[in-house]
Amino acid sequence: MTTADIPTRDPIEHARTLLAAKPDGLIEAVAREANVSTRAVLELLPAEQRLFLAPERFEDVWKELASWGTVLFLMHTPDIVLECEGSLPIGSFGHGYYNIHGDSPIGGHIKAENCRAIYLVDRSTAQGRRACSVQFFNGAGEVMFKIFVRRDAARQLLPDQLERFEALKTKHA
């Protein structure tokens, strides 16, 4: 048997098959297994689970998220899933970064010009719970960071943040 005899697997079709088998699967895990970008997998989700926002909306979206109170800021790389709860400080552009500082554990410098897409994501988790997030993607189609609607002690989405998330979706639909 030569390599020409071995069927090739289209990575996008493989990702589609993985999602069909586990529709609540972790997007990053599907992307790794299918050898495609996280954004490519996100684009395979049903349209009602994702809403694209232009990257030029970065500062406007950030400012809106800064009004939500304490959020869950998440960074997911192959090596770590880092979660931090805090309010998002309103930032300013300078020295090539969107600089965020304030009385929050969330602070630093974001290379906002590297943002190539923003998605509002609304889907179920493996536990069957609704999860709502705003995800910022870079040019390689990988997540820069995510901002999640937080949960209360009973693991329910906070109503005020969910309302703001829904308003953001309606505003950009």
Side-chain angles (χ1 to χ4, degrees), residues 11-12 15 25-32 34-123 125 130-151 157-158 160-173:
I12 295 294
L26 186 62
I27 299 296
E28 288 85 351
V30 171
R32 269 193 312 278
N35 199 31
V36 297
S37 73
T38 303
R39 183 176 177 191
V41 174
L42 185 68
E43 282 290 330
L44 296 175
L45 294 178
E48 63 272 8
Q49 293 183 15
R50 59 177 163 76
L51 177 63
F52 169 82
L53 303 180
E56 295 79 18
R57 306 278 308 157
F58 180 93
E59 187 174 26
D60 293 335
V61 170
W62 184 274
K63 285 180 177 177
E64 198 154 332
L65 293 170
S67 74
W68 288 18
T70 301
V71 295
L72 176 64
F73 183 94
L74 188 138
M75 292 183 64
H76 186 159
T77 74
D79 302 310
I80 187 172
V81 176
L82 179 65
E83 299 177 3
C84 181
E85 287 188 0
S87 61
L88 297 179
I90 292 178
S92 61
F93 287 99
H95 305 289
Y97 289 90
Y98 188 69
N99 302 292
I100 52 173
H101 303 290
D103 293 330
S104 173
I106 301 169
H109 315 279
I110 302 169
K111 196 72 165 175
E113 70 184 26
N114 289 354
C115 182
R116 294 293 181 261
I118 303 167
Y119 284 86
L120 306 180
V121 180
D122 187 344
R123 60 191 302 253
T125 67
R130 183 179 180 194
C132 300
S133 61
V134 181
Q135 302 185 16
F136 296 76
F137 284 80
N138 64 23
E142 298 306 327
V143 178
M144 297 170 69
F145 56 89
K146 304 175 185 182
I147 309 295
F148 278 86
V149 171
R150 286 184 43 247
R151 298 182 182 280
L157 295 174
L158 295 178
D160 62 319
Q161 286 188 2
L162 183 56
E163 186 177 308
R164 290 170 182 254
F165 179 80
E166 291 293 349
L168 192 59
K169 280 184 8 184
T170 299
K171 179 179 178 179
H172 295 284

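- Remark: Glu83 does not engage Arg151 in a salt bridge, criterion side-chain N to carboxylate O under 4.0 Å.
- The shortest side-chain heavy-atom distance between Arg39 and Phe52 falls under the 4.5 Å cut-off.
- Side-chain contact check for Arg130 versus Leu162: some heavy-atom pair is nearer than 4.5 Å.
- Using a cut-off of 4.0 Å between Lys/Arg side-chain N and Asp/Glu carboxylate O, Arg32 and Glu28 are scored as not salt-bridged.
- The side-chain heavy atoms of His95 and His109, taken from C-beta on, include no pair separated by under 4.5 Å.
- Shown here for Glu59 and Gly91, the closest heavy-atom pair between the two residues is OE2-O, 4.3 Å.
- No side-chain heavy atom of Phe165 sits under 4.5 Å from any side-chain heavy atom of Leu65.
- To the nearest 0.5 Å, atoms CG (Asn99) and CZ (Phe93) are separated by 9.0 Å.
- A heavy-atom distance below 4.5 Å is found between the side chains of Leu88 and Val71.
- One finds the CZ atom of Arg116 at 9.0 Å from the CE atom of Met144 (value rounded to the nearest 0.5 Å).
- Counting non-hydrogen atoms of other residues, nucleotides and ligands closer than 6.0 Å to CD of Glu163 gives a total of 12 or fewer.
- Judged by distance alone, with hydrogens and angles left aside, the side-chain atoms of Gln49 form no donor-acceptor pair with the main-chain N or O of Leu44 at under 3.5 Å.
- The aromatic rings of Phe73 and Phe145 lie parallel to each other, with less than 30° between the two planes, well short of the 60° mark.
- Counting non-hydrogen atoms of other residues, nucleotides and ligands closer than 6.0 Å to CG of Asn35 gives a total of 12 or fewer.
- For the residue pair Glu43/Tyr119, the side-chain donor-acceptor check at 3.5 Å is satisfied.
- Under a 3.5 Å cut-off, the side chain of Ser133 and the backbone N or O of Gln135 do not form any donor-acceptor pair.
- A pairwise comparison of heavy atoms in Ala66 and Ile90 identifies CB-CG1, 3.7 Å as the closest pair.
- The CG atom of Leu45 lies 5.0 Å from the CZ atom of Arg123; values are rounded to the nearest 0.5 Å.
- Put simply, the side chain of Trp68 never gets that close to the backbone of Asp160: no donor and acceptor are under 3.5 Å apart.
- Taking CG from Leu157 and CD from Glu166, the interatomic distance works out to 9.5 Å, rounded to the nearest 0.5 Å.
- For the residue pair Arg50 and Leu42, the shortest heavy atom distance occurs at CD-O, 3.0 Å.
- Listed here is the closest heavy atom pair of Trp62 and Pro89: NE1-O, 2.7 Å.
- Under the 4.5 Å side-chain criterion, counting only non-hydrogen atoms from C-beta, Val143 is not in contact with His76.
- Pro55 and Cys115 make their closest contact through CB-O, 3.1 Å (heavy atoms, listed as atom of the first residue, atom of the second, distance).
- For the atom pair Ile110 CD1 and Ile100 CD1, the distance stands at 4.0 Å (nearest 0.5 Å).
- Nearest heavy-atom pair, Val36 versus Pro11, reported as atom, atom and distance to 0.1 Å: CG1-CB, 3.3 Å.
- The distance from the CG atom of Asn114 to the CZ atom of Phe58 is 10.0 Å, given to the nearest 0.5 Å.
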